[in-house]
Amino acid sequence: MNRATISALKVSIIYAVFASLWILFSDIAVETFFDSPYLRAVAQTYKGLAFVILTALLLLILVLRDNRALEKANDIDNLTGLLSLNMFIRALNSTIKQLNPGERILLGYLDIDDFKSINDAIGFEQADLFLQDLANDIKEAVLTGAFVSRLHADQFASFNVLDENIHLDNHVRDFQQLFVRRAKKNSIKATCCIGVALYPADGVNAKELMVSATEALGVAKQQKNAIQYHDKELTERAMLRRQMVIDLQEAISKEQLTVVYQPKYNLKTLTPSGVEVLVRWIHPEQGFIPPDVFIPLAEEHGLTSGISKLVVNKASTELGNSTLLGNQVKHVAVNISATEFNNTQEMHELTEFIQSQVNLAPYIRIEITETATLTDMKKSVEIISSLQASGISFSIDDFGTGYTSLAMLKDLTVDEIKIDRSFVSGVEDDHRSRTIVNAIIAMSKSFDINIVAEGIETAQQLKILQEMGCQEAQGYYLGRPMPLDDLIKHISPTSH
Ligand code: C2E
Ligand code: CA
Ligand code: CA
């Protein structure tokens, strides 16, 4: 039997005893004091009425007492003894109403990074204990006058009126330090993020302030161990980015991304030698979004392997149905991201996927930027060798922009390098660019590596690179990236 039942039973027994005694003694009293039957009848009626009024009053008192106990229980978070969310909101609203002109309130949300893995590592009991200890620290510590609540499992909220002399940043950092010290005491490896909203700048009531604090925390949570003040512009940007990621995911899954082809030319014969496949995203509302904008976003959110497969698949369908493959187009270059290149599993899947496209597979060349191969040279050598063993050739993109460009060729057996556009654009009048391009060409030749000059925009650049002995070239002067139909017209022999 629980406490509520026992207490209800107690009340019933007390009520039964007192009511019986009342009936017994009040009847004796009526009999004793009144002789006339009329007066006795009147006394009985009033006695009944008094009984009803008294019991009603008693019931009212009991119900009120119960309600208050219930409200009190709801005001408190069971685990930590902190204020419940409702109580916190009420306290915040009433504090706002009582503020003196010019006073400000700081609302901070503290969220533990990766709490799930902490739970997994130390078990629920220890994790609960940590939350309780942390709650006690927050209650007791620096934040005197603060109201504190636990919003979710591992998320705390605190607000206090800001003292005029207080240093805002230090104050927020104290909040974070409290967490750091507690984690250390409990021997837990954990960090936390804090989102901050200020009254009145970020909201004029509890609801608005809490939305702002949530947004600030959302931005902070994009990193770990971060503090973020609410900033409308920043939040809007973060929301736009978030929306763009969602849209990009949808575009990938619905295969709404398309591809264009930029021709490459043999510089000796000035005939087409291959194409580079470049991805395109026409957003339903925002229109064309350049790959330089959405590829980094895809890298951040693990979407690049989806893009690569889509690009290979589109190229395979489109080029496979044309007569270009093996004729004007002897290789098809596909760009992949550093994140994908450095992920063994994803590279393995991509290789298998390419091999499954039997028409296209023999022509595929993977392009990867120089900087992507630098993170782990030994691993890069392995990945490149395994690609080559699968019949996929390999090209280093944007060559010359990394720090160890020439030295890396000592270890990497690549099939091709593409001289970055920044050097090509300088060959006409910048002596240093010309020297660098000459050196790259000379060395690549001695290593038997194919060289492509990227971003040729003028006849003069083309001529200089031809004279320098560069083998292939690509650029707006020779052909912009274009859809397959245009490419066919552009490079078919009759068009020249
Ligand atoms: P990138 O691989 O260096 O590709 C060459 C970029 O230079 C392309 O821009 C192309 O349109 C542009 N370009 C070509 N010739 C000229 C020229 O003569 N002058 C100038 N100014 N630009 C020229 P795009 O298509 O906007 O692509 C930008 C970058 O986005 C690419 O640079 C590549 O890093 C990335 N990217 C494109 N498609 C894919 C893809 O399917 N997957 C991945 N992971 N990255 C891609
Ligand atoms: Ca490229
Ligand atoms: Ca490039």
Side-chain angles (χ1 to χ4, degrees), residues 195 197 202-203 208 211-223 226 228-263 275-319 332-341 343 346 350 367-369 371-372 397-398 401 420-422 454-455 457 474-476 479-487 490:
D202 303 321
E208 285 180 16
V211 168
S212 297
T214 308
E215 286 173 358
L217 183 68
V219 176
K221 292 294 276 184
Q222 289 173 3
Q223 303 161 47
Q228 180 66 55
Y229 289 82
H230 182 259
D231 169 339
K232 287 200 182 83
E233 216 176 285
L234 201 86
T235 314
E236 262 165 36
R237 237 183 298 150
M239 270 162 49
L240 279 179
R241 272 171 74 85
R242 224 174 300 149
Q243 189 55 47
M244 198 184 264
V245 174
I246 295 169
D247 293 349
L248 182 58
Q249 265 166 331
E250 191 180 314
I252 296 170
S253 68
K254 292 187 176 165
E255 298 196 13
Q256 286 163 349
L257 300 181
T258 55
V259 295
V260 286
Y261 304 86
Q262 186 174 31
V275 289
E276 176 172 3
V277 194
L278 295 158
V279 70
R280 290 292 176 260
W281 183 22
I282 312 290
H283 190 280
E285 280 130 38
Q286 295 171 42
F288 174 73
I289 300 179
D292 287 334
V293 171
F294 71 83
I295 293 287
L297 214 60
E299 288 175 349
E300 231 172 80
H301 292 86
L303 304 176
T304 45
S305 70
I307 294 182
S308 297
K309 281 184 193 152
L310 188 143
V311 166
V312 170
N313 192 27
K314 294 247 171 196
S316 172
T317 318
E318 294 181 2
L319 284 169
V332 177
V334 171
N335 294 283
I336 66 163
S337 293
T339 45
E340 204 175 351
F341 181 77
N343 183 323
E346 283 184 5
L350 181 66
E367 285 189 12
I368 178 112
T369 54
T371 34
D397 211 348
D398 303 346
T401 53
D420 191 64
R421 193 167 69 226
S422 56
E454 280 196 303
E457 290 182 346
Q474 185 183 356
Y476 289 171
R480 286 180 175 257
M482 55 191 108
L484 186 78
D485 290 347
D486 295 345
L487 179 81
H490 190 84

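Treat the numbers as computed from the prediction; the structure is a model and nothing was measured.
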Short side-chain donor-acceptor distance under 3.5 Å, Asp247 and Gln286: no

What distance do Glu454 atom CD and Asp398 atom CG have between them, rounded to the nearest 0.5 Å? 5.5 Å

Glu346 and Phe341: side-chain contact (heavy atoms from CB on, under 4.5 Å), yes or no, with the steps? CA-CA 8 Å; Glu346 283 184 5; Phe341 181 77; over 6 Å; no

Whether Glu300 and Arg241 form a salt bridge (side-chain N of Lys/Arg under 4.0 Å from carboxylate O of Asp/Glu) is what I want to check. yes

Step by step, work out the side-chain contact (heavy atoms from CB on, under 4.5 Å) result for Trp281 and Met244. CA-CA 11 Å; Trp281 183 22; Met244 198 184 264; 3.9 Å; yes

Close side-chain approach of Gln243 to Ile246, heavy-atom, < 4.5 Å: yes

Measure the CD1-NZ distance between Ile252 and Lys309 for me, rounded to the nearest 0.5 Å. 11.0 Å

Measure across Asn335 and Val277 and return the closest heavy-atom pair with its distance rounded to 0.1 Å. ND2-O, 3.4 Å

Distance check, rounded to the nearest 0.5 Å: Ser308 atom OG versus Asn313 atom CG? 12.0 Å

Measure the CG-CG distance between Leu248 and Leu257 for me, rounded to the nearest 0.5 Å. 6.5 Å

Taking all heavy atoms of Ser337 and all of Ile368, pick out the closest pair and write down the distance. O-CD1, 3.7 Å

Can you find a heavy atom in the side chain of His283 that is under 4.5 Å from one in the side chain of Phe294? no

In Å and rounded to the nearest 0.5 Å, what is the CD1 to CG distance from Ile295 to Leu303? 9.5 Å

Lys221 side chain vs Ala226 backbone, donor-acceptor pair below 3.5 Å: no

Between Ala220 and Gln228 the two heavy atoms that sit nearest each other are CB-CB, 3.6 Å

Is the side chain of His490 donor-acceptor paired with the backbone N or O of Asp486 at a distance under 3.5 Å, no angle test? no

So, do Pro481 and Glu276 sit near enough that their side-chain heavy atoms are less than 4.5 Å apart? no

Looking only at heavy atoms, which two atoms of His230 and Ala197 are closest? And how far apart? CB-CA, 4.3 Å

Do Glu318 and Tyr261 have a side chain donor and acceptor closer than 3.5 Å? yes

For residues Arg480 and Pro263, report the shortest heavy-atom separation together with the two atoms involved. O-CD, 3.8 Å

What verdict does the side-chain contact (heavy atoms from CB on, under 4.5 Å) test give for Glu208 and Asp202, after you've listed the backbone C-alpha separation in whole Å, the side-chain angles of each residue and the deciding distance to 0.1 Å? CA-CA 7 Å; Glu208 285 180 16; Asp202 303 321; over 6 Å; no

Heavy-atom closest contact (Pro483 atom, Val260 atom, distance): N-CG1, 4.0 Å

Measuring from Leu310:CG to Thr304:OG1, what's the distance to the nearest 0.5 Å? 12.5 Å

Could you check if a side-chain atom of Glu367 sits within less than 4.5 angstrom of a side-chain atom of Val334, using non-hydrogen atoms only? no

Taking the side chain as every heavy atom from C-beta outward, state whether Arg280 and Val259 have any pair of such atoms under 4.5 Å apart. no

